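All remarks here apply to the structure that follows.
Note that the structure is a prediction, hence the values are computed from the model and not measured.
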Amino acid sequence: MNDLLCIACALASLMALTHWARAVPTRAWGDSAPATHASPQRVWAVVLGTLLLQTAAATVAAGWAAGIALVLAAWMVLGWLLVLAMNHWPQASLRWAPRLGWTGGSVCMLALGAHGLRLGGAH
């Protein structure tokens, strides 16, 4: 179970990375698509929220040191892979990267909720 949660924690970084990538005009996803540009405040809120969610879920799954290392590695590796996918398969990356990110984030939220319920029932 912890391995699946670690994978979900890594995938959750795509949630923020795709939001960040859509906040600026990119050649891969269309330079002139003004509807996709989010405000910088919203992008930072999504990035910080994703980092908090990932770190909380990863530390539940693997402990503090491994959880933080997992989050940092996920951002580096999946950020690089997203840029690669945006340049080679722009339509597919635009479609699948946010889906994978939201799926990972949802699993993280469910796992944190289950962990909270388990701790709450321990009294």
When rounded to the nearest 0.5 angstrom, what distance separates CG in Asn87 from CG in Leu82? 9.5 Å
Go through Leu94 and Met86 one step at a time and tell me if the side-chain contact (heavy atoms from CB on, under 4.5 Å) criterion holds. CA-CA 7 Å; Leu94 183 60; Met86 284 171 57; over 6 Å; no
Expected list for residues 49-74: side-chain donor-acceptor pairs under 3.5 angstrom, two or more places apart:
unit_1 : atom_1 : unit_2 : atom_2 : d
Thr50  : OG1    : Val46  : O      : 2.7
Gln54  : OE1    : Trp75  : NE1    : 2.7
Gln54  : NE2    : Cys9   : O      : 2.7
Thr55  : OG1    : Leu51  : O      : 2.7
Thr59  : OG1    : Thr55  : O      : 2.9
Thr59  : OG1    : Ala56  : O      : 2.9

Could you tell me which non-hydrogen atom of Trp20 sits nearest to which non-hydrogen atom of Val47, and how far apart they are? CE3-CG2, 4.0 Å
Check whether Val77 and Leu84 end up in the same hydrophobic cluster, where Ile, Leu, Val, Met, Phe, Trp and Tyr are linked by side-chain heavy atoms less than 4.5 Å apart. yes
So which atom in Ser13 and which in Ala10 form the shortest heavy-atom distance, rounded to 0.1 Å? OG-O, 2.7 Å
Only pairs under 3.5 Å count here: list side-chain donor-acceptor contacts from residues 100-107, not counting sequence neighbours, and write none if there are none.
unit_1 : atom_1 : unit_2 : atom_2 : d
Thr103 : OG1    : Arg99  : O      : 2.7
Ser106 : OG     : Trp102 : O      : 2.7

Check the hydrophobic clustering (I, L, V, M, F, W, Y; side-chain heavy atoms under 4.5 Å; chains of links allowed) and say if Leu110 and Met15 are grouped together. no
Taking side-chain contact (heavy atoms from CB on, under 4.5 Å) as the definition, give me every residue that meets it alongside Ala111, ordered by chain and number, with sequence neighbours left out. Leu5
Between Leu117 and Leu112, is there a shared hydrophobic cluster once you connect ILVMFWY residues whose side-chain heavy atoms come closer than 4.5 Å? no
Can you measure from CG (Leu14) to CG (Leu81) and round to the nearest 0.5 angstrom? 8.5 Å
